[in-house]
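Before any comments, here is the structure.
Naming convention: chains lettered A, B, ... in sequence-line order (proteins, then strands); numbering from 1 in each chain.
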Amino acid sequence: MENILRKKIAEAVKVLYNGAIDEAQIQIQETRKEFTGDFTFVVFPLMRFSKNTPEKTADDIGKYLTANLSEIEGYNVIKGFLNISIGGKWWTDLFSAFYNSEDLFADCRVKNPEVILVEYSSPNTNKPLHLGHIRNNLLGFSIFRILESCGHKVIKTNIVNDRGIHICKSKLAWVKFGNGETPETSGMKGDHLVGKYYVMFETAYKAEVENLLKKGYDDETARLSAPMMVEAREMLVKWEAGDEEVVRIWKMMNSWVYEGFEETYRLLGVDFDKIYYESETWKDGKEQVLKALEKNILFRKEDGSVWADLTGEGLDQKVLLRSDGTAVYITQDIGTAIARQNDYHFSKCLYVVGNEQNYHFQVLKAILKKMGYEWSDGLIHFSYGMVELPEGRMKSREGTVVDADDIIREMIATARELSAELGKLEAIPDEDKDEIFRKIGLGALKYFILKVDPKKNMTFNPAESIDFNGNTGPFIQYTYARIKSVMRKARSLGIEGDSSLLGSAIPCAKEVGLIKLLRKFAAVVTEASETLNPSLIANYCYDLAREFNQYYHDYSILGEKDPVTRNFRLLLSGKTSVVLYTAMWLLGIEMPERM
RNA sequence: GGUCCCAUAGUUCAAUGGAUAGAACGGCGGUUUCCUAAACCGUAAAUCCAGGUUCGAUUCCUGGUGGGACUACCA
């Protein structure tokens with residue numbers, strides 16, 4: 001319809017003012033709720049043709065359109081805005097077509113599908129996942145579903161940061177203080193147990209540094225020469241040399257962590273097609289660095305460390321190999337990127353990584369480019385904002401983190417408590433209830449995170465926790481469950497929907513409102529895929545659910561006497577539930593059939 | 001010091017350069033013989049400051065103020 005209007009308006013400009021205007025530049029938008037009309041044309045840009053007031057211009061165009069387009073029922077003009085009303089028949093026909101189309105994503109499909117890798121999660125194997133990781137995982141998984149639904153071939157990958165100095169820290173603390181403790185003997189989840197030793201390292205190390213500072217060492221020397229850090233570095237060198245004992249401990253403790261992560265991923269409902277391990281890619285990276293060094297793309301300093309000079313790119317110099325020959329983080333990222341290109345020949349690789357690493361990815365791209373890899377242009381840093389607490393950033397070392405497993409458990413427990421208060425599910429078997437509470441608890445958590453623009457930092461206040469009322473996941477789930485309940489009741493009454501009757505229904509204003517929202521689905525998904533922004537879909541779900549709840553409140557579906565109208569309401573509600581379900585599916589949020 | 005990001009009701013979030021800045025939570029006040037009240041309705045409450053571009057600026061540009069991130073032989 002927008003396109004028809006554009007065409008006709010361009011025609012009107014030609015006929016009325018003898019002017020030529022590019023159809024693409026004609027602004028058609030949905031009429032805002034406060035005004036009557038369905039579509040609004042902003043006439044200001046036309047004034048150079050009409051040489052008249054905005055009001056007169058809008059009126060002229062309105063008259064022309066009404067005379068030349070049968071679908072138009074009327075129009076009104078407010079200032080420079082021409083509000084056009086479309087007849088109800090057009091809307092039911094539109095809904096009828098929408099209802100009968102099987103594939104909701106038909107209009108989202110891209111012409112040229114690409115091979116896209118999405119890297120997300122990227123955990124360190126020295127501590128459990130926290131709320132920040134949850135945001136990462138949810139964004140990554142949702143981006144995957146959105147891009148795939150638009151027709152791309154998407155591969156979910158994960159890079160596990162399982163080596164490096166920080167990994168040695170928890171291992172070292174375990175060797176020193178652990179007395180052979182295991183997940184079995186301690187009863188702790190593996191990732192939490194290892195995390196405990198990481199904290200122990202940091203505590204001991206901090207004490208050593210303070211001690212040295214008191215003795216008059218300067219800050220840098222103190223940090224580098226504290227015994228714990230010296231030992232950790234020695235351990236890393238041993239690890240890189242393949243020292244049997246170090247590797248044994250490393251493997252054992254990492255396996256504990258993986259078991260823990262596996263459980264958290266399962267709870268979150270995310271998974272991966274291919275997992276890369278830093279311990280397997282760092283060597284490639286190191287070789288690549290040495291090769292580039294031979295070609296004088298990189299340079300060696302007197303102490304033996306290897307560097308990239310990026311001052312020509314507006315960046316600094318960046319170390320790639322330490323003076324003791326060990327690899328730093330970016331070395332492995334170079335190796336991983338090359339391995340991925342060889343494995344999948346991707347056109348794009350999305351790195352779902354926090355905005356604190358903006359600089360890192362600039363450097364990574366620049367180095368790969370310097371090394372001659374043209375595909376580095378396809379590396380995209382999907383940079384998202386931090387999850388902050390009211391008092392500021394979460395810091396593992398200071399224990400101010402919201403643990404992923406804890407928050408998930410709490411959300412599910414809250415769902416259970418709220419449900420008990422409402423007392424609607426008493427007749428349902430316990431197993432089914434557990435499943436419902438899991439969906440609701442996680443729905444609340446996931447929606448809370450995904451409704452926020454990924455670029456922005458967001459705040460989580462543990463004291464206030466996450467709502468289950470208002471603009472929330474459970475609100476949308478509830479809307480869905482209500483529709484499903486109506487459907488069940490209709491079936492039990494022997495009422496069947498009949499799409500062939502749709503054509504003769506006359507929609508009320510609320511129904512037109514719903515149809516308008518439903519038809520927007522494809523456009524919203526397309527925009528979300530192009531801007532890599534799941535929050536657009538979350539906000540769409542909310543708008544649609546709210547519109548439906550108002551409708552549901554004001555109109556009876558099954559109580560309607562007129563069979564054509566009742567049928568129309570039933571099918572409209574049914575399609576709304578399908579769209580809600582699908583849109584939430586794109587976010588990785590499950591919908592309960594009842595709640 | 002340098003680079004980048006952010007600034008909207010008490011709080012958490014919205015708003016392709018368009019109309020009277022939209023929600024939710026919290027506050028206050030209502031709605032249940034009727035398909036699920038995790039709902040619906042009403043009410044008070046906000047664009048950090050100063051310029052500029054524009055018919056029109058929360059949005060774009062410049063400067064300032066305030067907050068954050070990065071700038072490690074950490075990851």
| message | With a cut-off of less than 4.0 Å, is there a side-chain N or O of A:Arg393 near OP1 or OP2 of B:rC70? | response | yes
| said: Checking contacts here: which listed nucleotide (B:rA19, B:rC70, B:rA75) is nearest the side-chain heavy atoms of A:Tyr329? | reply: B:rA75
| Of the nucleotides B:rC13, B:rA75, B:rG68, which one has an atom closest to the side chain of A:Glu388? | B:rG68
| message | Regarding A:Phe460, tell me which of base, sugar-phosphate or nothing describes its non-hydrogen contacts under 4.0 Å with the strands shown. | response | nothing
| said: Between B:rU11 and B:rG18, how many Å separate the two P atoms, rounded to a whole number? | reply: 27 Å
| Just by distance, with hydrogens left out, do A:Glu560 and A:Tyr555 show a side-chain donor and acceptor under 3.5 Å apart? | no
| said: Nearest to the A:Ser485 side chain among B:rU71, B:rU36, B:rA24, which nucleotide is it? | reply: B:rU36
| said: Categorize A:Phe468 for me: base, sugar-phosphate, or nothing, with a 4.0 angstrom heavy-atom threshold over every strand shown. | reply: base
| said: Could you tell me how far B:rG17 sits from B:rC41 if I compare only their P atoms? Round to whole Å. | reply: 30 Å
| remark: In whole angstroms, the gap separating P of B:rA39 from CG of A:Leu418 amounts to 11 Å
| field | Whole-Å P distance, B:rA7 and B:rC13 | value | 11 Å
| task | Please determine if A:Lys318 forms a cation-pi arrangement with A:Trp307, meaning its NZ or CZ atom is less than 6.0 Å from the six-membered ring centre and no more than 45° off the ring axis. | result | no
| task | Check every atom of B:rC41, B:rG18, B:rC25 against the side chain of A:Gln550 and return the nucleotide holding the closest atom. | result | B:rC41
| said: Please classify the nucleic acid contact of A:Asp453 as base, sugar-phosphate, or nothing, using heavy-atom distances under 4.0 Å. | reply: sugar-phosphate
| query | For the side chain of A:Val319, counting heavy atoms from C-beta on, which of B:rA24, B:rC35, B:rA72 is nearest? | reply | B:rA72
| task | Using the C1' atom on both, measure B:rU43 against B:rA50 and round to a whole Å. | result | 35 Å
| request: Determine: side-chain N/O of A:Arg482 to OP1/OP2 of B:rA37, distance under 4.0 Å, yes or no. | output: yes
| message | Between C1' on B:rA24 and CD1 on A:Ile466, what's the gap in Å once rounded to a whole number? | response | 14 Å
| Looking for any heavy atom pair under 4.0 Å, which part of the strands does A:Asn126 touch: base, sugar-phosphate only, or nothing? | nothing
| task | Measure from the side-chain heavy atoms of A:Arg488 and tell me the nearest of B:rC70, B:rA75, B:rU36. | result | B:rU36
| query | Atom OH of A:Tyr551 and atom P of B:rC41: how far apart are they, to the nearest Å? | reply | 15 Å
| task | Could you tell me whether A:Tyr555 contacts a base, only the sugar-phosphate backbone, or nothing, with contacts defined as non-hydrogen atoms closer than 4.0 Å? | result | base
| note | Between OH of A:Tyr198 and P of B:rA75 the distance, given in whole Å, is 10 Å
| NA contact type, A:Arg223, heavy-atom cut-off 4.0 Å: base, sugar-phosphate, or nothing? | base
| What distance, rounded to whole Å, do you find between the two C1' atoms, one in B:rU8 and one in B:rU58? | 7 Å
| said: With rounding to the closest Å, how many angstrom separate the P atoms on B:rA19 and B:rG51? | reply: 23 Å
| said: Between A:Ser573 (side chain only) and A:Arg569 (backbone N and O only), is there a donor and an acceptor less than 3.5 Å apart? | reply: yes
| How far, in whole Å, is B:rA37 from B:rU32 if one measures between their P atoms? | 12 Å
| field | N/O (side chain, A:Asn469) to phosphate O (OP1/OP2, B:rA39) under 4.0 Å | value | yes
| task | Provide, to the nearest angstrom, the distance between the CD atom belonging to A:Gln332 and the C1' atom belonging to B:rC74. | result | 14 Å
| request: Verify the stacking flag for A:Phe81 against B:rG18: centroid separation must be under 5.5 angstrom and the ring planes must differ by under 30 degrees. | output: no
| Reckon A:Ser323 touches a base, only the sugar-phosphate, or nothing at all at heavy-atom distances under 4.0 Å? | base
| task | For A:Phe35 and B:rA19, say yes or no: do the ring centres fall under 5.5 Å of each other while the ring planes differ by less than 30°? | result | yes
| task | Would you indicate what A:Ile483 reaches in the nucleic acid, counting non-hydrogen atoms under 4.0 angstrom: base, sugar-phosphate, or nothing? | result | nothing
| Minimum-distance nucleotide to A:Val452 side chain [options: B:rA14, B:rC25, B:rA19] | B:rA14
| said: Between A:Tyr198 and A:His166, does the ring-ring contact (aromatic ring centres under 6.0 Å, His included) criterion hold? Intermediate values first, please. | reply: CA-CA 8 Å; A:Tyr198 179 66; A:His166 61 304; 7.7 Å; no
| request: Check whether any side-chain heavy atom of A:Leu5 lies under 4.5 Å from a side-chain heavy atom of A:Glu2, and answer yes or no. | output: no
| said: Can you measure A:Asn471 atom CG to B:rG22 atom P for me and round it to whole angstrom units? | reply: 16 Å
| task | Report yes if a side-chain nitrogen or oxygen of A:Arg322 is closer than 4.0 Å to either non-bridging phosphate oxygen (OP1 or OP2) of B:rA75; otherwise report no. | result | yes
| note | Considering only heavy side-chain atoms of A:Thr459, the closest of B:rC13, B:rA39, B:rC70 is B:rC13
| At under 4.0 Å between heavy atoms, what does A:Ile165 touch on the DNA or RNA strands: base, sugar-phosphate, or nothing? | sugar-phosphate
| field | Partner nucleotide, any strand, of B:rU36 [Watson-Crick/G-U, under 3.5 Å] | value | none
| To the nearest Å, how far apart are A:Met458 CE and B:rU11 P? | 17 Å
| For B:rC60, the Watson-Crick or wobble partner whose two distances fall under 3.5 Å | B:rG52
| query | Looking across every strand, which nucleic acid part, if any, lies under 4.0 Å from A:Ala490 by heavy atom: base, sugar-phosphate, or nothing? | reply | nothing
| message | Looking only at the side chain of A:Val328 (C-beta and beyond, no hydrogens), which of the listed nucleotides B:rU36, B:rA19, B:rA75 gets closest? | response | B:rA75
| OG1 of A:Thr336 to OH of A:Tyr351: how many Å apart, nearest 0.5 Å? | 7.0 Å
| task | Check whether any side-chain nitrogen or oxygen of A:Lys456 sits under 4.0 Å from OP1 or OP2 of B:rA7, and answer yes or no. | result | yes
| request: May I ask you to say what A:Asn539 touches in the nucleic acid, namely base, sugar-phosphate or nothing, with a heavy-atom cut-off under 4.0 Å? | output: nothing
| message | Say we look at B:rC60 and B:rC25: how far apart would their C1' atoms be, to the nearest angstrom? | response | 33 Å
| request: Scan A:Tyr478 against the nucleic acid and name what it touches under 4.0 Å (heavy atoms): base, sugar-phosphate only, or nothing. | output: base
| request: Report which part of the nucleic acid A:Arg233 touches: base, sugar-phosphate, or nothing (heavy-atom distance under 4.0 Å, all strands). | output: nothing
| So does A:Thr40 reach the base of B:rA19 with its side chain, donor to acceptor, closer than 3.5 Å? | yes
| field | Distance below 4.0 Å between A:Lys451 side-chain N/O and B:rU12 OP1 or OP2 | value | no
| query | What nucleic acid atoms does A:Glu220 come within less than 4.0 Å of, heavy atoms only: base, sugar-phosphate, or nothing? | reply | nothing
| task | Consider the side chain of A:Gln29, meaning its heavy atoms from C-beta on, and name the nucleotide among B:rA69, B:rU16, B:rA39 that approaches it most closely. | result | B:rU16
| task | Calculate the interatomic distance between A:Asn457 atom CG and B:rU12 atom P; express it in whole Å. | result | 12 Å
